[in-house]
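Reminder, nothing fancy here: chain letters follow the sequence lines and each chain counts from 1. Keep in mind that what you see is a predicted model, and the values were worked out from it rather than measured.
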Amino acid sequence: MSLAPIVTRFAPSPTGFLHIGGARTALFNWLYARGHGGKMLLRIEDTDRERSTDDAVAAIIDGLKWLGLDWDGGVVSQYERADRHREVVDTLLAEGKAYRCYASPQELAEMREKARAEGRPPRYDGRWRDRDPSEAPEGVRPAIRLKTPVDGETVVEDHVQGRVVWQNKDLDDLILLRSDGNPTYMLAVVVDDHDMGVTHIVRGDDHLTNAARQTHIYQAMGWPVPEMAHIPLIHGPDGAKLSKRHGALGVEAYRAMGYLPQAMRNYLVRLGWSHGDDEMMSMEQMLDWFDLDAIGKSAARFDFAKLENLNGLYMRQTPDDELYSVFLANLAYLPGGREFEARLDDIRSRRLAQAMPGLKERAKNLVDLLESAQFLVEDRPLQMQEKALKILDDSARQTLAEVAGVLTDTPDWDAASLEASVKGFAEATERKLGSIAQPLRAALTGRATSPGIFDVLAVLGREESLARIEDQAS
RNA sequence: GCCCCCUUCGUCUAGUGGUCUAGGACGCCGCCCUCUCACGGCGGAAACAGGGGUUCGAGUCCCCUAGGGGGCGCCA
């Protein structure tokens, strides 16, 4: 490890929301920096004014916060640094390392078209590279291109990809400044990373080719090239690039699906990186264990089933009172959560808190939890779900009438006492417990599944329970 | 088309030349537990893409093929 403090950055473009690939990139940057006593910076790559929106910036920040990731310093706007970018271009121009290109967009399009037709790579042919400025056409504002080396090769020693080599003849003269005077991304990243003191660039491997081109800019400026780590992309379940259809959702979508940030983090960190056979790990362990060199080189598919399982593990591991608070705090983001919240009064809140142990055992996410807690906040008479209705045939309703008496006579209304008397009743009448429990469950919850029935009775309390049973008994 | 990258169970992965008759996790199947659904416990099926080398020995190193991915913008 080097002695210089590590500085990483997360540099999303605000054209959409923070999606899952970006979230993982942010996490990796954060873990690497913070795990090594360094800093992670946040920079918004908003040089494309057409596509950048404030909403997207806000969504990215919300997403990071939800994931529990923070950054050092303020949020840097790349666009606001445009003057500095232009300054660098002036230097390059003055040193003859860049030049003005007057080729029109149409001209460039034709060039590409022709190259493709002839089976050549579609690249800029350098037609203005060595032309005399006096040949410049009237009234055309030029773009500024970098004079990249024509011979030799460019090497990137990548922490993930290893040594990657390009022939310089395959790389053309990239644009630094658009004809409208605005810097391109390619220029801006290099200048910003340099100025911000970034020591390690960790980003998706869709930037791998860019790394070579950016190296040319670093070299032209005589700046040291930062360490790089190009991490493999995340694919959808079908192995294809993540699309809106399957997983390229914003992190806020995962929040709405009821996933916990710590589960999300844990799932994400294991996508493309591992520490032996360790599956579940705390933030401290991640910080302690995470390292660039242990990142795999191949793309990983996003697997909801595993996320779901992991989330369930985290839910069950969360203390009841804490999960209760988390659940309430997230209600606004869950489908139907507001309605649920509106139905919560003091009594029902208490019941919810009391039911938490039984509820969380059965929920893999907060949406499940909401669904299974529904019976706690519903008004009498309960709306019966179809499966519950099926349980409540004539004999079941008859049973309910009988068991109501047994429950009424139970002196202490707690799970253990209730279980004792119902089991006693079952034995005395030679019934299976299930033939009593299921009708009770249907009457008490309106559904065919629920936490243990004696817990349900206890949570609901004597009055409410007996009333619900009475509603369904014949 | 050109350039670059990748390839161990269905999925995420362990594995850095011999201890691999390839390990773990999710999912799947079966059994147990059981008032439902879950949880949990136990067990099972399941992979080194193919072909050549190198080596006493290859999942591990090299080459080729196939397949997959990324890039080739006055987008980022």
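Across all strands shown, A/Ile453 has heavy atoms under 4.0 Å from base atoms, whether or not it also approaches the sugar-phosphate. If you check every strand for non-hydrogen atoms under 4.0 Å, A/Asp172 touches nothing. Heavy atoms of A/Gly272 sit under 4.0 angstrom from primed sugar atoms or phosphate atoms, though from no base atom. At a threshold of 4.0 angstrom between heavy atoms, the contacts of A/Thr47 are confined to the sugar-phosphate backbone, with no base atom among them. Across all strands shown, A/Ser179 has heavy atoms under 4.0 Å from base atoms, whether or not it also approaches the sugar-phosphate.
Near RNA chain B, defined here as any heavy-atom distance below 4.0 Å, the residues from residues 153-165 of chain A are A/Gln161, A/Val164, A/Val165, listed numerically. Sorted by residue number, the members of residues 226-234 of chain A with any non-hydrogen atom under 4.0 Å from RNA chain B read A/Leu233.
Nucleotide B/C26 is matched to B/G10 when pairs are restricted to Watson-Crick or G-U wobble geometry with both distances under 3.5 angstrom. The pairing partner recorded for B/U34 is none, the criterion being a Watson-Crick or G-U wobble arrangement whose two distances lie under 3.5 angstrom. Base pairing of B/G1: its partner is B/C72, meeting the Watson-Crick or G-U wobble criterion (both donor-acceptor distances under 3.5 Å).
Checked by distance alone, A/Arg441 brings a side-chain donor or acceptor within 3.5 Å of a matching partner on the base of B/C35. Looking at A/Arg362, its side chain comes within 3.5 Å of the base of B/C37 through a donor and an acceptor atom. Under 3.5 Å, the side chain of A/Asp277 and the base of B/G23 form at least one donor-acceptor pair of N or O atoms. Taking only distance into account, the side chain of A/Asn210 meets the base of B/A76 through a donor-acceptor pair shorter than 3.5 Å.
Both stacking criteria are satisfied for A/His207 over the base of B/A76: a centre-to-centre distance under 5.5 angstrom and an angle between ring planes under 30 degrees.
Comparing the P positions of B/U8 and B/A47 gives a spacing of 14 Å, expressed to the nearest Å.
Ion pairing of A/Arg213 with A/Asp172 is present here, as a side-chain N (NZ or NE/NH1/NH2) and a carboxylate O approach within less than 4.0 Å. Ion pairing of A/Glu464 with A/Arg468 is present here, as a side-chain N (NZ or NE/NH1/NH2) and a carboxylate O approach within less than 4.0 Å.
In summary, the side chains of A/Arg81 and A/Gln78 do not present any donor paired with an acceptor at a separation below 3.5 Å, with no hydrogens or angles considered. Judged purely by distance below 3.5 Å, without hydrogens or angles, the side chains of A/Asp192 and A/His85 pair a donor atom with an acceptor atom. Checking A/Tyr185 against A/Asn210 by side-chain atom types alone, no donor-acceptor pair falls below 3.5 Å.
With RNA chain B read from its 5' end, the first of the two nearest nucleotides for A/Ala143 and A/Leu271 is the one closest to A/Leu271.
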